[in-house]
Structure formats: structure tokens, C-alpha cells
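The shown structure was predicted, so the numbers you read here are calculated from the model rather than taken from an experiment. Just so you know, ligand 1 is whichever comes first in the structure, and atom 1 is the first atom listed for that ligand.
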Amino acid sequence: MGKSGSNYEPLTVETISKRLGDIKAVTDRLGTDTGSWKAKEVGDGNLNLVFIVESDKSSVIVKQALPYVRLVGDSWPLPLTRAFFENHALTRQAKRDPGSVPEVYYFDEEQALIVMEFLTPHVILRHLLMAGKKHPTLAKTMGEFCARTLFRGSDLSMKTADKKADVALFAGNVELCDITENLVFSDPYFDAEMNRHTSPQLDDIVARLRADIDLKVEVQHLKSAFCSNTETMLHGDLHTGSIMVSDDEAKVIDPEFVLYGPMGLDIGMLLANFWMAYFAQPGHIDDAERRDDYQEWILSVVEEIWSVFCDEFSRLWRTERTGILYEKTLYEDQGHMLASEQALGHRLNAIWQDSLGFAGIEMHRRILGLAHIAENETIKDEDLRADCEARSLEMGRQLVVNRTRFTGMEAVHELARIISREKTR
Ligand code: SR1
Ligand code: MG
């Protein structure tokens, strides 16, 4: 017997072949000669076990939730139900943006495990951004993914009964939301127990941020939106470690933080991680010309994600508005095309402002909170790392506090370029 009277048992490389050997969805792919299967544990995230299981026929990924936070250990229990929510999120994302997520082959609720497509030769996008490599289709894929999943998971598109049932379903993902509510929206802004930052280099900047009343008020406005605006089904943790890329495609993984929340959260977290990668480049590329070129490429990806998002969201607005919001009966059917376009513009502007705010908070929590990013953590020279982090902190503050004042991405990137040239400490 495992936890709480169930038969849950964490998998190991020794037991995995025997335990999956009776599952048709697995043997259909790997064959029945379980003795020849090879397994390795490759999980490098903060929460779960992840195995690659291979045979001479094929390979699969097996992701299993642990009853605690892997990063911290069993002193921080975390329910296995996150696998249930991840499975439901993956099936919805696959419908809303076909081909954007790994295919799920099998789900076992009691064992909290998902067997899914092994994405190969894909690598985690964050590693690509640390290696200074470019990608041709990333921005288009991510702009479309955001537009399609956010639009099609909302009252703009869904039948209201389905939307309400989904809001109720995903409201059960309490503990994962609780992580975000604390680690993202609160802990960075006071001296919380699990926080850490590059010290002493950033101490003064951190003290100033934590004493910044305007910032703290705006962050709590955004937290309030996160907690109470059930606008759409979100990935919930859409950073560059949740994206896998091959030479010509990008796929989104790991939606266990799924919730119904404001559209700007996914876009904001995503853009924030590109901006942090931008500011971290002095720690990864020495040659100034090559570094400038790569940093500009990162900004161009952000610009394209946002413009593809707007285009695709607008297309869906014009062609798939079948939900209870902004019904066509009120607009197009009355000949009020212009009013519909005006309403679309208002919605996009609201998403824009929220996205900037959430981006700023993500930039803060990845430098001040518990969960940092590899782009900064791998910079060994602590003074250099602190310089990179200080720029992200400053950008983050501007994004949160001035999010209603930016006229467009060009203005945001003008600011990024200025901050990247400035002395920080
Ligand atoms: C305790 S979990 C810390 C972070 O890891 C996950 O990937 C999420 O980003 C979470 O906030
Ligand atoms: Mg994750």
C-alpha cells in the first residue's frame, strides 16, 4: 500500500518496465519484451519524476507526480491530483491547438502517471536560449498557442455549461494555485522564508523593491485578478522550461499549474522569460557583436509572439465567437462591425496591460523567490550575475507599475535596451 491507503507507489528505473508491461497503450508502442526495455530518470523540474522508457521499437515519456515538492523534499507535501489536472489540461490544449502538446497515450489516476509522446530530438527551450541558438518557428507557434488556447478556453468560444463545468473542475487544483499565489505574488515582496537572491550584491536593490509601496499595491491588484478572474483555461506556468524545441518545431509541456484565470498570465510569464534571457546574455556570450545580435533576436521573438497572438486572436474573434460574450447577435447581426472591432481592441488592450504586469512579477519572483532560472543560475561570476538580475528586476518594476502607459512593444523594447546599457549597481 502506498500513500493514504491507495496503491500509489513511485516508479523507479528498476520497477518501471514490470509495472507498465501490462498496459496496452505502452506495449503497442514498445512491444511486449519488457526485459529489453531501457529506462532512465530525466526529471530536472521542481516537482515530478520523469522517465524515458525505450525499446528497439519506440520510446515513451512517463511522468509521475510525487506526493511532495521534489525541489524541497517531503517536508513540503503536494497532492498527486496534479497529474489528473495536467491530463485534463493536455487533452483540452490538444483540441484547441492541435499538435501543440505531446500526445497522451495513457493516464493512471491512482498512480498519478501520464504516459506520453517522447519528443525527440527536442530540447528544453531555456537551454537553446543559453546556448545562443535561434529558432525559426518558435514565435509563430507560441503566438498561435496562446491565442488559440486562451480564446477557445473562454466564454468567447465555449458553451457556457462546459465553461462553468471546467471552471469548477480546475478549481480543485488548489495546492498548485497556492504555490503561485505565494511564490509568485507574495513571497518576492517580503523577506519570506524560502526566498533567496544573489547576496550581498543585490541586497540594496531588493530592500528598495520591498519598500516600494506603488509596486506592492499594483502586484496585489494583479494577484486579485489571478485569484478571481476565471476568464480562460491557462497553462499556468508557461515559461521557457515548459517549451521543447527541435530544429523546426516547438511544443508546450507541463500544464500541471492549469487554472481558470486571466488571459494575460500565460502571455506575461512567457514574455518575462524571454526578457530575462535577454538580460542574462552578458553571462553567456562574451563577444559584444554576437551578443547584441542574439539579444535583438530575442526581442524580435517577443515582438512576433505578441503580433501573432493579436492576429490569431482577432481572426478567432471574427470567425469563432460562439460563446456568451460579445455575441454576434449584438454586433455583426445588427450591422455593427465597427463596434465589434472596437470591443476586440478593448479586450486586446486589457490583455496587453495584464500581460506586462504579470511579466514584471514573473521577473521578480525568478530572482527574489524560491524558483530561479538557469540563465542566471549558471552565471558563475556573482557580480556579473547580479548585474544581469538587477536589470531584470528594474525592467520588472517598470512593467508592473507602468503597465498602462506602454503604447506598444516598441516602447517596451526601447526601455529594455536602455536598461541593458545602464550601470545597475
Ligand atoms: C515549488 S514549485 C516552484 C516552481 O516550479 C514550478 O515550475 C513553478 O514555476 C513553481 O512556481
Ligand atoms: Mg513545470
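Near Asp237, meaning under 4.0 Å from one of its heavy atoms, ligand 1 places the atoms 6 (C), 7 (O), 8 (C), 9 (O). Listed by number with element, the atoms of ligand 1 under 4.0 Å from a non-hydrogen atom of Ala371 are 3 (C), 4 (C). Within the listing of ligand 1, atoms 1 (C), 3 (C) sit less than 4.0 angstrom from a heavy atom of Leu183. Those atoms of ligand 1 with a heavy atom of Phe257 less than 4.0 angstrom away are 6 (C), 8 (C), 10 (C). Atoms of ligand 1 lying under 4.0 Å from any heavy atom of Arg365, numbered from 1 in the order shown and given with element: 9 (O), 10 (C), 11 (O).
One finds no salt bridge joining Arg82 and Glu175 here, because no Lys/Arg side-chain nitrogen approaches an Asp/Glu carboxylate oxygen to under 4.0 Å.
In this structure, CD1 in Ile267 is found 10.5 Å from CH2 in Trp352, a value given to the nearest 0.5 Å.
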Inset, instruction - Using the ring-ring contact (aromatic ring centres under 6.0 Å, His included) rule, take Trp275 and Tyr278 through it: C-alpha gap first, then chi angles, then the decisive distance, then the call. - result: CA-CA 5 Å; Trp275 285 323; Tyr278 169 86; 9.2 Å; no
Legend entry - Chi angles and distances behind the salt bridge (charged side-chain N to carboxylate O under 4.0 Å, His left out) call for Lys63, Asp254: CA-CA 10 Å; Lys63 177 173 178 180; Asp254 277 2; 2.6 Å; yes
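Nearest to atom 2 (S) of ligand 1 among the protein's heavy atoms is Leu47 CD2, 3.8 Å. Annotation: atom 1 (C) of ligand 1 to nearest protein heavy atom, Val69 CG1, 3.6 Å. Given atom 5 (O) of ligand 1, the protein heavy atom at minimum distance is Asn46 ND2, 2.7 Å.
When every heavy atom of Ile379 is checked against every heavy atom of Ala280, the shortest pair comes out as CD1-O, 3.9 Å.
Aromatic rings from Phe145 and His235 are positioned such that their centres are separated by 6.0 Å or more.
The closest approach between any non-hydrogen atom of Arg70 and ligand 1 is not below 4.0 Å.
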